[in-house]
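So the structure is just underneath, and the comments pick up after that.
Remember, it's a predicted structure, so these values are computed and weren't measured experimentally. Start at 1 with the first residue, then count along the sequence.
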Amino acid sequence: MEEKLTLLNEQLEYARKNSAFYSYLPSSPLHSLEELKGILTISAKDIIENGQSMICCSAGQIQRIVSMYTSGTTAQAKRIAFTQSDLWNTIAFFHHGMNTLCNTGDTVMIFMPGNAPDGLCDLLSRGLQCFNTEPKVYGIIQDYDDAANVCEKNADVFVGIPVQMRRLALLHPELKPRRVLLSADYCAPAVIHTIARKWCCEVYVHYGLTESGLGCAVETPARIGMIPRSDVILETLPDGEIVLTTLKREAMPLIRYRTGDLGELTSNGILIRVSGRKQEKDKPVSIMALDNVLLSCDTILDYSASFDGTQLLLYLVGDVECAHYLLCESFENLIFRIEKVINLPFTGKRYVISKY
């Protein structure tokens, strides 16, 4: 804790001295990590409107900028900047985290987005190569038969998106990874159980977001929760929202950033679970609740959900009759309509869309 407090005070001083935005930060060092809670929180709106004034380095030092768009017809970009040192810190986290899940010489299939230089797949591959594992990048799965054919038959570890790994396990149970790491989206227990059952493998969960530098917290074989990387502090607000503070960020420190994700932490900062987006709390049903019900059925492969007024609309790949039965049994008075489709496009993190 003492080392983390030192890093925190260094980050606060660095941000206050080098960015116009963070001029409000205290000029005196904090005496405990608990005092961090006395500092104002910031949000995605702050990054959108004041991101440039958060930058703490010269333009020439910035190695990568990632632009993300909020939902809505007047969407504005949320731009997150990284120096080379920031990217190396993410590689170090991937190296350390994957080293607990992989053995030297393992083949690791990566079914993830971000194939650009310094993107997610690149940084993860470089972290894996640090201890002589062999990464094989496939990317987002569009064709599950192709993914199975391309997959190394002796691949030891899979890294992928929860619903895509579940669907691959259902369609191709002959693939036998030893371990699977799920990332880039919320992960319902039903998804974990199906993958573990079909592939007879160990399943672990990673929580990451672009703002944290892609990597953030990862579950290990110790099974004590998702352990945050050493250069971040995670908190939760009274309503359960996860708050992120970076500790070694050069380009764009984030001090008490409200992530919009809901989760639960232990007293020593280990992330027990992530339960979805805060914006879903006011909806009649959340994506996590739907996942636990619908994805417990092996004949339902995928779905998307949206509310049109008070009616839930599902576009569903698989067994419509089973979905209808499960929804009626699980959600009293829920008005819904199901349309069967052959496939669904990948749209990033899944949530129940509102069309009010």
Side-chain angles (χ1 to χ4, degrees), residues 1 4-5 8 32-44 93 96-97 100-101 161-163 165-166 180-196 202-247 254-296 330-331 348-352:
M1 290 297 180
K4 212 150 214 182
L5 180 60
L8 173 59
S32 69
L33 294 178
E34 189 68 19
E35 291 182 21
L36 176 61
K37 295 179 180 178
I39 296 175
L40 294 172
T41 61
I42 63 173
S43 67
F93 169 71
H96 176 74
T100 66
L101 301 180
I161 296 161
V163 292
M165 289 296 94
R166 173 187 175 274
V180 175
L181 178 65
L182 304 177
S183 186
D185 202 358
Y186 312 112
C187 196
V191 173
I192 295 173
H193 296 156
T194 299
I195 295 169
E202 298 173 13
V203 182
Y204 298 89
V205 179
H206 169 259
Y207 171 64
L209 60 164
T210 301
E211 293 91 330
S212 70
L214 299 174
C216 187
V218 67
E219 191 178 13
T220 71
R223 297 293 193 184
I224 58 173
M226 289 173 273
I227 301 173
R229 54 193 285 176
S230 61
D231 56 355
V232 305
I233 293 175
L234 297 180
E235 318 166 47
T236 51
L237 298 178
D239 64 359
E241 184 174 8
I242 299 171
V243 174
L244 166 76
T245 296
T246 61
L247 297 180
L254 295 177
I255 310 299
R256 301 206 75 212
Y257 171 69
R258 300 195 308 273
T259 64
D261 294 322
L262 296 172
E264 184 179 344
L265 292 167
T266 65
S267 58
N268 58 349
I270 293 174
L271 188 59
I272 299 173
R273 64 179 58 86
V274 179
S275 53
R277 295 291 291 173
K278 182 180 177 180
Q279 68 190 42
E280 292 212 308
K281 289 184 75 171
D282 297 329
K283 295 174 183 176
V285 64
S286 70
I287 199 73
M288 289 287 279
L290 287 171
D291 276 0
N292 264 328
V293 170
L294 295 175
L295 300 186
S296 65
S330 304
F331 304 107
K349 283 188 177 180
R350 298 159 58 253
Y351 59 95
V352 181

Is any side-chain heavy atom of [X] less than 4.5 Å from a side-chain heavy atom of [Y]?
| X | Y | result |
| --- | --- | --- |
| Phe93 | Asp231 | no |
| Ile192 | Leu182 | yes |
| Val205 | Val274 | no |
| Arg223 | Tyr204 | yes |
| Cys216 | Leu234 | yes |
| Tyr207 | Asp261 | yes |

For [X] and [Y], which heavy atoms make the closest approach, and how far apart are they?
| X | Y | value |
| --- | --- | --- |
| Ser230 | Lys4 | O-CE, 3.5 Å |
| Leu101 | Pro221 | CD2-CD, 3.7 Å |
| Ala217 | Leu271 | CB-CD2, 4.4 Å |
| Gly263 | Ser275 | N-OG, 4.3 Å |
| Pro228 | Gly269 | CG-O, 3.2 Å |

Main-chain N/O of [Y] paired to [X] side chain as donor or acceptor, under 3.5 Å:
| X | Y | answer |
| --- | --- | --- |
| Arg277 | Tyr351 | no |
| Thr246 | Leu254 | yes |
| Glu264 | Arg273 | no |
| Thr245 | Arg256 | yes |
| Glu241 | Gly260 | yes |
| Glu280 | Val352 | yes |

Problem set entry | For Lys37, all residues meeting salt bridge (Lys or Arg N to Asp or Glu O under 4.0 Å), sequence neighbours excluded |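 With neighbours one apart ignored, the set is Glu34.
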Output the distance between atom [atom1] ([X]) and atom [atom2] ([Y]), rounded to the nearest 0.5 Å.
| X | Y | atom1 | atom2 | value |
| --- | --- | --- | --- | --- |
| Ile255 | Leu8 | CD1 | CG | 7.0 Å |
| Leu181 | His206 | CG | NE2 | 7.0 Å |
| Ile224 | Ile270 | CD1 | CD1 | 3.5 Å |
| Lys349 | Ile161 | NZ | CD1 | 11.5 Å |
| Met288 | Arg350 | CE | CZ | 10.0 Å |
| Lys278 | Ile242 | NZ | CD1 | 12.0 Å |

Exercise. Do Glu211 and Tyr257 meet the criterion of a side-chain donor-acceptor pair at a distance under 3.5 Å?
Worked result: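 The answer is yes; a qualifying pair exists.
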For this session: Could you verify whether a donor N or O on one side chain and an acceptor N or O on the other, from Asp291 and Tyr186, lie under 3.5 Å apart?
Result: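 Short answer, no.
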